[in-house]
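See structure below.
All figures in this text were calculated on a predicted structure; none of them were measured in a lab.
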Amino acid sequence: MGHYERFTGVPSRTTDNVTSGRIYQDILTKERRGDYLGGTVQVIPHVTDAIKDFVLAQTDGIDFVLCEIGGTVGDIESLPFMEAIRQLGTDLDRGQSCFIHLTLVPFIKAAGELKTKPTQHSVKELRGIGISPDILVCRAEQPIPLGERHKIALFCNVAKSAVIQALDVSSIYEVPIAYHGEGLDDEVLKVFGLPAEQPVDLSRWNDIVKNLKNPEGEVKIAIVGKYTGLKDAYKSLSESLVHGGIANRVNVKIEWIEAELFEQPDAIHRLEDVHGILVPGGFGQRGTEGKIAAARFAREHNIPFFGICLGMQMAVVEAARNMAGLEGAGSTEFGTPKVPVVGLLTEWATEAGIEIRESDMDLGGTMRLGAYPAKLTAGSHVQKIYGTDRISERHRHRYEVNISYRSQLEEAGLVFSGLSPDSNLPEIVELSDHPWYIGVQFHPELKSKPFDPHPLFASFIGAALKQSRLV
């Protein structure tokens, strides 16, 4: 979903993603409510109708809907979704739908050749459930010879020009350029019966790739996280750092560091040669003391620091302990601290009214989710970065910094520079006497795009660039 937003520039909505569990839950709710009048609930038509309703929801005024079904053709989990889009293809008028099938053409190194059989079998499975692809996008490590492409077209019943090779590229932002070079956009227009009235303008993507391949410098950023063993957990975060690098024309080298490492003696010195420290979000107690140690190191050594969600909360705990002298400061997420500077969010205001949560409620759906507004302090660092005193950012968390400790923390030097409109929820903290030290409760990485880097990431990498010239 993140890449769809980054490439199209269109923010996703709650209705833009669905899982099997959500579909089944909605159907069971309807059945309990009596919507089916006691009839037997079946995969066809009830499950497939629910999937089609999801695809078509809130599409008035929309020209194109891009719908991806993940998984592998033939998997039992995806069969209801496949059947739903098969039905949708016949429900819509001719020329109103286009089926694009992504396949793999593996290169067998020992034989020195590409194998088209996996693609042929995948398309056979797809046609067996009633879907004939209009276009095949074939992932491959090596260029697919014209003969093999014609063979795929022949056995898979698609036009020769509709077999699009998708070769590996050095950056994902080269993909639009590569697909255009292979003619994917022209093939899609053919299916929809639309003329190619003017040349495609790819200057924006060309500029992005040019900046990526010709940086004027390099900065090293340490991400001190809890899930560094699975870097895709921080995919939006790492991409946003790349966007910040594009804005500053520098290469961003990321050093992934497990937060627990800094709970060992003297390990913190591993951060001495980095130009910026980013502490991301997460859940649970593991690694939190390491995150606190990283925040302290950045504060005491004037290294640019960016704390996001849990990263901000741990920066506040560090400031409470070591700046404000609040011994025993901590978060109620991890127990019952003597000084709960971070606590469970139980009540907050939304446009629809007051949202209320209790500690013993089910975890599912109990977070503060989505976009919320915030007001910025005039003259603060973040106000200058954003260039405005009102912002809206996306949230995903259950715990908040306790506003009750604001005065004590601000007296110690930690500024609450961003607050909710009612001034009850801290959104941003910063150190005014530090080169760049900012913590945010929200997730700015969810709004960053290569052609429109988030101002916080652009500023953070800019500060890291200055730091690189000092060390």
Side-chain angles (χ1 to χ4, degrees), residues 222-228 257-265 267-268 271 276-346 359 367-368 381-382 395-420 424-434 436-443:
I223 295 183
V224 182
K226 301 173 64 172
Y227 319 118
T228 55
I257 304 177
E258 179 63 44
E260 285 181 293
L261 174 68
F262 298 131
E263 296 174 8
Q264 303 171 10
I268 197 68
L271 296 173
I277 299 171
L278 192 152
V279 178
F283 296 92
Q285 185 172 6
R286 183 179 65 82
T288 52
E289 290 299 323
K291 291 190 173 190
I292 292 171
R296 181 175 184 175
F297 186 88
R299 176 177 62 82
E300 294 180 342
H301 292 78
N302 286 330
I303 299 174
F305 173 83
F306 197 179
I308 296 176
C309 199
L310 181 63
M312 169 201 174
Q313 295 171 8
M314 296 302 95
V316 171
V317 170
E318 191 279 320
R321 292 178 183 177
N322 303 309
M323 293 174 63
L326 298 176
E327 185 179 348
S331 170
T332 61
E333 182 179 359
F334 318 128
T336 54
K338 182 179 178 181
V339 182
V341 294
V342 178
L344 179 67
L345 179 64
T346 57
S359 59
M367 293 185 284
R368 182 154 74 108
H381 195 180
V382 289
H395 295 65
R396 186 176 183 270
H397 59 96
R398 293 187 182 89
Y399 291 81
E400 298 271 358
V401 172
N402 192 338
I403 194 68
S404 302
Y405 293 94
R406 177 183 179 182
S407 60
Q408 292 168 272
L409 289 166
E410 289 199 321
E411 286 176 8
L414 187 69
V415 180
F416 284 56
S417 55
L419 297 168
S420 59
N424 287 327
L425 300 176
E427 294 280 10
I428 306 175
V429 296
E430 64 179 62
L431 292 176
S432 56
D433 60 349
H434 191 283
W436 209 99
Y437 191 102
I438 293 174
V440 298
Q441 183 58 73
F442 45 83
H443 289 270

Open item on the list: Between R286 and E263, does any side-chain N to carboxylate O distance fall below 4.0 Å?
Closed with: no
Task: L344 and E333, any side-chain heavy atoms less than 4.5 Å apart - done: no
Open item on the list: Tell me the closest heavy-atom pair linking L261 and A267, and the distance in Å.
Closed with: O-CB, 3.3 Å
Task: Note, E410 side chain near V415 side chain (heavy atom, < 4.5 Å) - done: yes
TODO: Scan side-chain atoms only and decide if Q313 and Q441 contain a donor-acceptor pair under the 3.5 Å cut-off.
DONE: yes
- [ ] Find out whether I403 and L419 are in side-chain contact, i.e. whether some heavy atom of one side chain is under 4.5 Å from a heavy atom of the other.
- [x] yes
- [ ] Would you name the heavy atoms of G281 and C309 that are closest together and state the gap between them?
- [x] CA-CB, 4.0 Å
TODO: Using a cut-off of 6.0 Å, state whether more than 12 heavy atoms not belonging to R396 lie near its atom CZ.
DONE: no
- [ ] Looking only at non-hydrogen atoms, find the nearest pair between H434 and I303 and report the distance.
- [x] CE1-O, 3.1 Å
Task: Minimum heavy-atom distance between G290 and V224, given as atom pair plus value - done: O-CG1, 4.4 Å
Open item on the list: Any heavy-atom pair between the side chains of V316 and Y405 that's under 4.5 Å?
Closed with: no
Task: Backbone of H381 reached by a side-chain donor or acceptor of E430 within 3.5 Å - done: yes
TODO: Would you give the length of the straight line joining atom CD of E260 to atom CD of E289, rounded to the nearest 0.5 angstrom?
DONE: 11.5 Å
Task: K291 side chain to P280 backbone, donor-acceptor under 3.5 Å - done: yes
- [ ] Please round to the nearest 0.5 Å and tell me the distance separating atom CE of M314 and atom OG of S331.
- [x] 5.5 Å
Open item on the list: Testing F297, Y437, W436 one by one against F305 for a ring-ring contact (aromatic ring centres under 6.0 Å, His included), which residue passes?
Closed with: Y437
- [ ] Indicate yes or no: at least one non-hydrogen side-chain atom of L431 is less than 4.5 angstrom from one of L414.
- [x] yes
- [ ] Identify the two heavy atoms, one from F283 and one from L310, that lie closest to each other, and give their separation to 0.1 Å.
- [x] N-CD2, 4.5 Å
Task: Heavy-atom closest pair, residues A319 and L409 - done: C-CD2, 4.1 Å
- [ ] Determine yes or no for a side-chain-to-main-chain donor-acceptor pair under 3.5 angstrom, with N402 supplying the side chain and G343 the backbone.
- [x] no
Open item on the list: With heavy-atom distances below 4.5 Å as the criterion, would you say the side chains of V382 and E427 are in contact?
Closed with: no
Open item on the list: Heavy-atom count check: over 12 atoms from other residues, nucleotides or ligands less than 6.0 Å from Q264 CD?
Closed with: yes
TODO: Just do the side-chain contact (heavy atoms from CB on, under 4.5 Å) check on I292 and F262 with the steps written out, would you?
DONE: CA-CA 9 Å; I292 292 171; F262 298 131; over 6 Å; no
Task: Interatomic spacing from CZ in R296 to CG in L271 - rounded to 0.5 Å - done: 14.0 Å
